[in-house]
Participant: 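Have a look at this one before I ask anything.
Letters A, B, ... are given to chains in the order of the sequence lines, protein chains preceding strands, and every chain is numbered from 1.
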Amino acid sequence: MKPSPPIFALVDCNSFYASCEKVFAPGLEGSPVVVLSNNDGCIIARSAEARELGIRMGVPAFEISDLLETKDVAIFSTNYALYGDMSQRVMTILQKFTPTLEVYSIDEAFLDLSGMPLFDLHEYGRLICQTVVKWTGIPVSIGIAPTKTLAKLANDAAKDLPEKEGIMVWTDEETIDRYLGSLSAGQVWGIGPQHTRLLEKHGILTACDLKHVNEKWIRQHMGVMGERTVLELRGISCYPVDDNPSPKKGICTSRSFGRPVETYDDLEEATTSFVASVAEKLRKQKSVAQSLTVFVMTNRFARGPQYVNGMTITLPLATHHTAELIHHTRIILKKLFRKGYLYKKSGVIVNDIISQKTLQCTLWDDRNREKQEKITAAIDQINARMGKGKVRYAVQGTGRKWKMRQERLSPRYTTDWEELLVIELGKAPPQPLPIRGGAGLG
DNA sequence: TCTGGGGTCCTAGGACCC
DNA sequence: TCTGGGGTCCTAGGACCC
């Protein structure tokens, strides 16, 4: 039997973070909602209503505080506990619709629909959207096409055309070309600002132009990635759905501080907390790291003296143990620290990551290691049950003067018993903590 | 006062080796 | 008159993604 042509779906949650907040604040239905980045800095999510007000992605909130206030926009600090949990719920549902699901990001997934006995892809898409919104309250869009790149574009197009109700199926060449002609080259997945400029210079303006560009030319100017993108636009699939993502090759935790940090002790408290988080991520994917980078920086937007520095070491022994990583982090940090600067951010990166299995073979007889392993496992267990950071190393401190600003944080409705949504019969549903309007940002 | 965080892959060029 | 050349590994930096 001839194998059926590949068919991919891309499901994308609409304004994901803003939608999560709306699920638990039904009073905000129909009104503009934005979610801010860490430290309540920039706009990182906007509901459709907020987008209509002309609020752009990534702008610092303080720059548009007037608009936020006059238009009565609901503002939320980012709440990853909530979004991460909601994401898992959405992904679990999507799993029911395909044997092969790739969780591409917190709010997107590719579904391999190849070879499924489907008579009507459009109906299937509708069923997926309806199920997700019914079970989670999160609205989603879906694009279905012969390659991932086309599926992503179809999804984009569906969002722009209300009459499509968030569902777009591109299977025949004619339909595909018609829509590609109406989309700019820069909207194509994999074409960023640099390449958009380059393409424009050569008169390649629409996604359709890009599809028909000379292969040799694209290879020469945009490398293999550019070539693959063009092939994908032509319906030749270059990227399969990967439902078994490989472990991360580098892991980083870094944060801007809620207020400038001046003393070594505060900087150490923050930075060792970051490395503790890195260690946790390492253990979660059952890896150990062989190299460690620590970096610090002052506020590049401020006028004062600037200092940016980082240092990388090769670890004497590949590890994922918090205590060991903290030890090396402190050694580096002491070398990096200079008195007299106002530090705004620090971070920790581990690289040269290998599987912990590889390591165990060579260290089987090391008693200290065995003890470390037990302590770490116990800490992980307690923190998993009692909450992140309940047990931590003394150096991570309790002062947390550096902790990020989150003045408009919604409750962790779905991941903490203490913060469950309470609804009293006969009463209007409670409004979330953040006060609407721009107070505090002006 | 206030400006995010965490990743991937590819390429060019240098170092090094034989 | 003429300076060797080719393969491989590593690293930094660029471009992209959400």
Participant: Just the rounded figure in Å: distance from C1' of B/dT8 to OH of A/Tyr104.
Facilitator: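 Atom-to-atom, A/Tyr104 to B/dT8, this comes out as 9 Å.
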Participant: Has A/Arg228 got a side-chain N or O lying under 4.0 Å from the OP1 or OP2 atom of B/dC9?
Facilitator: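 No, A/Arg228 has no side-chain N/O under 4.0 Å of OP1/OP2 on B/dC9.
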Participant: Can you tell me if the side-chain N/O atoms of A/Lys345 get under 4.0 Å from OP1 or OP2 in B/dG4?
Facilitator: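 It does not, given that no N or O in the side chain of A/Lys345 lies less than 4.0 Å from OP1 or OP2 of B/dG4.
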Participant: Below the 4.0 Å mark, does B/dC2 have OP1 or OP2 next to a side-chain nitrogen or oxygen of A/Lys344?
Facilitator: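 A/Lys344 to B/dC2 OP1/OP2: no side-chain N or O under 4.0 Å.
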Participant: Work out which heavy atom in A/Ser37 is nearest to a heavy atom in A/Thr78; give both atom names and the distance.
Facilitator: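 It is C-CG2, 4.1 Å.
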Participant: I would like to know whether A/Tyr343 and A/Phe337 meet ring-ring contact (aromatic ring centres under 6.0 Å, His included); could you show each step before the answer?
Facilitator: CA-CA 10 Å; A/Tyr343 294 90; A/Phe337 181 79; 5.6 Å; yes
Participant: Between P on B/dC2 and CG on A/Leu342, what's the gap in Å once rounded to a whole number?
Facilitator: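 My rounded result for the distance is 11 Å.
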Participant: Over all strands shown, is A/Gly250 touching base, sugar-phosphate only, or nothing at heavy-atom distances under 4.0 angstrom?
Facilitator: sugar-phosphate
Participant: Do A/Ser410 and A/Asn79 have side-chain N/O donor and acceptor atoms under 3.5 Å apart?
Facilitator: yes
Participant: Compare the minimum distances between each of B/dG4, C/dC18, B/dT8 and the side chain of A/Glu108, then state the nucleotide with the smallest one.
Facilitator: C/dC18
Participant: Look at the side-chain N and O atoms of A/Lys152 and state whether any lies under 4.0 Å from the OP1 or OP2 oxygen of C/dC17.
Facilitator: no
Participant: Quick one: on DNA chain B, does A/Val224 or A/Gly41 contact a more 5' nucleotide (nearest heavy atom)?
Facilitator: A/Gly41
Participant: Can you check whether A/Arg255 has a side-chain N or O nearer than 4.0 Å to OP1 or OP2 of B/dG6?
Facilitator: yes
Participant: Nearest to the side chain of A/Phe62, heavy atoms from C-beta on, is which of C/dC16, C/dC18, B/dC2?
Facilitator: B/dC2
Participant: What is the separation between atom OH on A/Tyr80 and atom P on B/dG6, rounded to the nearest whole Å?
Facilitator: 9 Å
Participant: Out of C/dA15, B/dG7, B/dG4, which has the shortest distance to the side chain of A/Asn38?
Facilitator: B/dG4
Participant: Distance only, no hydrogens: is a donor on one side chain within 3.5 Å (strictly under) of an acceptor on the other, for A/Thr298 and A/Gln306?
Facilitator: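 The criterion, which ignores hydrogens and geometry beyond distance, is satisfied for A/Gln306 and A/Thr298.
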Participant: Round to a whole Å and report the spacing from CG of A/Asn39 to P of B/dG5.
Facilitator: 7 Å
Participant: Can you measure A/Gln306 atom CD to B/dT3 atom P for me and round it to whole angstrom units?
Facilitator: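 Atom CD in A/Gln306 sits about 13 Å away from atom P in B/dT3.
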Participant: Quick check for you: among C/dC16, B/dG6, B/dC9, whose closest atom lies nearest to any side-chain atom of A/Lys249?
Facilitator: B/dC9
Participant: Using a cut-off of 4.0 Å on non-hydrogen atoms, how would the nucleic acid contact of A/Val103 be classed: base, sugar-phosphate, or nothing?
Facilitator: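 Result for A/Val103 = nothing.
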Participant: Tell me: CZ of A/Arg300 to C1' of B/dG5, nearest whole Å?
Facilitator: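 In whole Å, B/dG5 C1' lies 12 Å from A/Arg300 CZ.
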Participant: Can you tell which of C/dC18, B/dG6, B/dC10 lies closest to the side chain of A/Cys252?
Facilitator: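 In terms of side-chain proximity for A/Cys252, the closest of C/dC18, B/dG6, B/dC10 is B/dG6.
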Participant: Step through it carefully: locate the ring centre of A/Phe110, locate the ring centre of A/Trp189, and say whether they are under 6.0 Å apart.
Facilitator: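 Yes, they do, as the ring centres are separated by less than 6.0 Å.
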Participant: Measure from the side-chain heavy atoms of A/Asn299 and tell me the nearest of C/dC18, C/dA15, B/dC2.
Facilitator: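 When the side chain of A/Asn299 is considered, B/dC2 is the closest of C/dC18, C/dA15, B/dC2.
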Participant: Over how many whole Å does the gap from A/Ile106 atom CD1 to C/dC17 atom C1' extend?
Facilitator: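 Rounding to the nearest Å, CD1 of A/Ile106 and C1' of C/dC17 are 15 Å apart.
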Participant: Measure from CG on A/Leu36 to P on B/dG5 and round the result to the nearest Å.
Facilitator: 13 Å
Participant: Select one nucleotide: of B/dG4, C/dA15, B/dC10, the one nearest the side-chain heavy atoms of A/Gln194.
Facilitator: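 Nucleotide nearest to A/Gln194's side chain: C/dA15.
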Participant: Between B/dC2, B/dT11, B/dG7, which one does the side chain of A/Arg405 approach most closely?
Facilitator: B/dC2
Participant: Say we look at C/dC17 and B/dG4: how far apart would their C1' atoms be, to the nearest angstrom?
Facilitator: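 Per the computed distance, 15 Å lies between those C1' atoms.
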Participant: Below 4.0 angstrom from OP1 or OP2 of B/dG6, is there any side-chain N or O of A/Ser254?
Facilitator: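 Answer is yes, contact under 4.0 Å.
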Participant: Of the nucleotides B/dT3, C/dC18, B/dC9, which has the atom closest to the A/Cys42 side chain?
Facilitator: B/dT3
Participant: Would you say A/His195 places a side-chain N or O within less than 4.0 Å of OP1 or OP2 belonging to C/dA15?
Facilitator: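 So the side-chain polar atoms of A/His195 never come under 4.0 Å of the phosphate oxygens OP1 or OP2 of C/dA15.
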Participant: Has A/Asp380 got a side-chain atom pairing as donor or acceptor with A/Ala377's backbone, closer than 3.5 angstrom?
Facilitator: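 The answer is no, because no donor-acceptor pair under 3.5 Å joins these two groups.
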Participant: Side chain of A/Ser37, heavy atoms from C-beta onward: which of C/dC18, B/dG4, B/dC2 has the nearest atom to it?
Facilitator: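 Shortest atom-to-atom distance from the side chain points to B/dG4.
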Participant: Just so I know, are the side chains of A/Arg283 and A/Thr322 near enough to count as touching, which here means a heavy-atom distance under 4.5 Å?
Facilitator: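 Side-chain contact under 4.5 Å: yes.
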Participant: Does a nitrogen or oxygen in the side chain of A/Ser256 sit under 4.0 Å from OP1 or OP2 of B/dG5?
Facilitator: yes
Participant: So which nucleotide does B/dC16 pair with, by the Watson-Crick or G-U wobble rule with both distances under 3.5 Å?
Facilitator: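 Partner of B/dC16: C/dG7.
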